[in-house]
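One structure is given below, encoded as structure tokens.
Heads up: numbering here begins at 1 and tracks the sequence. These figures come from a predicted structure and were not determined experimentally.
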Amino acid sequence: GNSADVGDETESVVVVGHCCESGDLMTPAPGEPEQLAEQELRAAAVGDILVMDGSGAYCSGMSTKNYNSFPEAPEVLVDKAGKAHLIRKRQTLSQIYENEISVEGVF
């Protein structure tokens, strides 16, 4: 998309992942990967999408599938022309639980 579509307003933020663990930092301090630091990013609203280059353990190949019952994220490939292509859909809640089996009388 066109960067003008999202506006010019910025805000100072810390970005972390959903796991809330020590390595779950997307905005570490320069040279200090285990320390939080604020970064100046475009202002965001609920429902906005944050694009991250080099997602590390957040890519599907490194993810801990369904950790804390969190669904697999959708994946988007951006081609050389800048066009986005959905290459993996977001996992639904029913897909997370479909392999679980109820055990009667255990609790």
Taking all heavy atoms of A37 and all of A29, pick out the closest pair and write down the distance.
CB-CA, 3.4 Å
Go through Q91 and I96 one step at a time and tell me if the side chain to side chain contact (heavy atoms under 4.5 Å, CB included) criterion holds.
CA-CA 7 Å; Q91 187 179 31; I96 293 172; 3.6 Å; yes
Got a donor-acceptor contact below 3.5 angstrom from the T27 side chain to the V15 backbone?
yes
At what distance, to the nearest 0.5 angstrom, does CD of E104 lie from CD1 of I101?
12.0 Å
Working to the nearest 0.5 Å, report the span between CD of E75 and CZ of R90.
11.5 Å
Residues forming a side-chain hydrogen bond (donor to acceptor under 3.5 Å, both in side chains) with N99, sequence neighbours excluded
none
Are H85 and V76 side-chain neighbours, meaning at least one heavy-atom pair lies under 4.5 Å?
no
Qualifying residue for side-chain contact (heavy atoms from CB on, under 4.5 Å) with K89, from L86, T92, I87
L86
Output all residues satisfying side-chain contact (heavy atoms from CB on, under 4.5 Å) with S12, sequence neighbours left out; order by chain, then residue number.
E38, E40
